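One structure below.
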Amino acid sequence: MHRIAAVYRREHLENSQILATSEDVDEMINILLGSDITECAAQMYSLDRPRLPSRIFDHSFIIGVRKDRGVGVASSADGECEESNVVSVGNRELGRGPVYYCQNGSSFGFPLFSEIPIEKVREVAKEFFATGGMRPTCIDWDVAGYHDE
């Protein structure tokens, strides 16, 4: 059985929320959808993967959902992958201009093209959970970061 440590509320900064079922993943996303824009993202870490000697995680997975926009994003930082920092790919025609998702008041900038349907965010988060923290393959990825075109 896989377990994910998730941080998406202020109280999780000290004690992560543990996700132990795919229903827990759905519940987290539903909570994010019911929140305001300052709490629409979550950082996730697999407890199945080994930690670095410093005891920090060797990976990070972020999802965000924006009910006001009807879309969300995903990003993956994983040194075990060829491209270590990537974001989800939705509609490339939207360009790279930034869109913001927030966790506990801290904002993360994403390329506009990285927005995907909310149901796809659910799918990608559940795949991250089901694989024990591996980068999901159900979506396309591109190098993280943005710049003006």
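None of the values given here were measured: they were computed from a predicted structure.
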Does some side-chain heavy atom of [Y] sit less than 4.5 Å from a side-chain heavy atom of [X]?
{"X": "Pro98", "Y": "Leu112", "result": "no"}
{"X": "Ser114", "Y": "Ser88", "result": "yes"}
{"X": "Ile56", "Y": "Arg51", "result": "no"}
{"X": "Asp142", "Y": "Glu83", "result": "no"}
{"X": "Val143", "Y": "Asn85", "result": "no"}
{"X": "Met134", "Y": "Phe61", "result": "no"}
{"X": "Ser76", "Y": "Trp141", "result": "yes"}

Give me the atom names and distance for the closest heavy-atom approach of [X] to [Y].
{"X": "Cys40", "Y": "Arg66", "answer": "SG-CD, 3.8 Å"}
{"X": "Arg135", "Y": "Ser84", "answer": "NH2-O, 3.1 Å"}
{"X": "Cys138", "Y": "Glu123", "answer": "CB-OE2, 3.3 Å"}
{"X": "Gln43", "Y": "Ser60", "answer": "NE2-OG, 3.9 Å"}
{"X": "Pro111", "Y": "Val99", "answer": "O-CG1, 4.0 Å"}

Ionic contact status for Asp26 with Arg122, cut-off 4.0 Å: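 Result for this pair is yes, salt bridge flagged.
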
Salt-bridge criterion met for Arg3 and Asp24 (N-O under 4.0 Å):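 Salt bridge between Arg3 and Asp24, a charged N being under 4.0 Å from a carboxylate O: no.
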
With hydrophobic residues grouped by side-chain heavy-atom distances under 4.5 Å, do [X] and [Y] end up in a single group?
{"X": "Tyr8", "Y": "Met44", "value": "yes"}
{"X": "Leu33", "Y": "Val124", "value": "yes"}
{"X": "Ile4", "Y": "Met28", "value": "yes"}
{"X": "Ile116", "Y": "Phe128", "value": "yes"}
{"X": "Ile63", "Y": "Ile139", "value": "yes"}

Backbone of Ala130 reached by a side-chain donor or acceptor of His2 within 3.5 Å: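 At least one qualifying donor-acceptor pair exists.
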
Ser46 side chain to Asp48 backbone, donor-acceptor under 3.5 Å: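 Such a contact is found between Ser46 side chain and Asp48 backbone.
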
Any side-chain donor near an acceptor of the partner, Thr38 and Asp36, under 3.5 Å: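 Yes, Asp36 and Thr38 have a side-chain donor paired with an acceptor closer than 3.5 Å.
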
Straight-line distance of Thr21 OG1 to Ile18 CD1, nearest 0.5 Å: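 Thr21 atom OG1 to Ile18 atom CD1 measures 12.5 Å (nearest 0.5 Å).
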
side-chain contact (heavy atoms from CB on, under 4.5 Å) evaluation trace for Phe108 with Val87: CA-CA 12 Å; Phe108 301 100; Val87 294; over 6 Å; no

Selection residues 5-15 - residue pairs positive for salt bridge (Lys or Arg N to Asp or Glu O under 4.0 Å), sequence neighbours left out: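 Sorted pair list: Arg9-Glu39.
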
Residues in side chain to side chain contact (heavy atoms under 4.5 Å, CB included) contact with Val25, at least two apart in sequence or another chain: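 Counting only residues at least two positions away or on another chain, Val25 forms a side chain to side chain contact (heavy atoms under 4.5 Å, CB included) with Leu19, Ile29, Ala125, Lys126, Phe129.
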
Phe57 and Arg49: CA distance, side-chain angles, deciding distance, side-chain contact (heavy atoms from CB on, under 4.5 Å) verdict: CA-CA 8 Å; Phe57 293 98; Arg49 291 180 58 165; over 6 Å; no

Residue pairs fulfilling side chain to side chain donor-acceptor pair (under 3.5 Å) with at least one residue in residues 101-110, sequence neighbours excluded: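 Of all non-adjacent pairs touching residues 101-110, those that pass side chain to side chain donor-acceptor pair (under 3.5 Å) are Tyr101-Glu115.
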
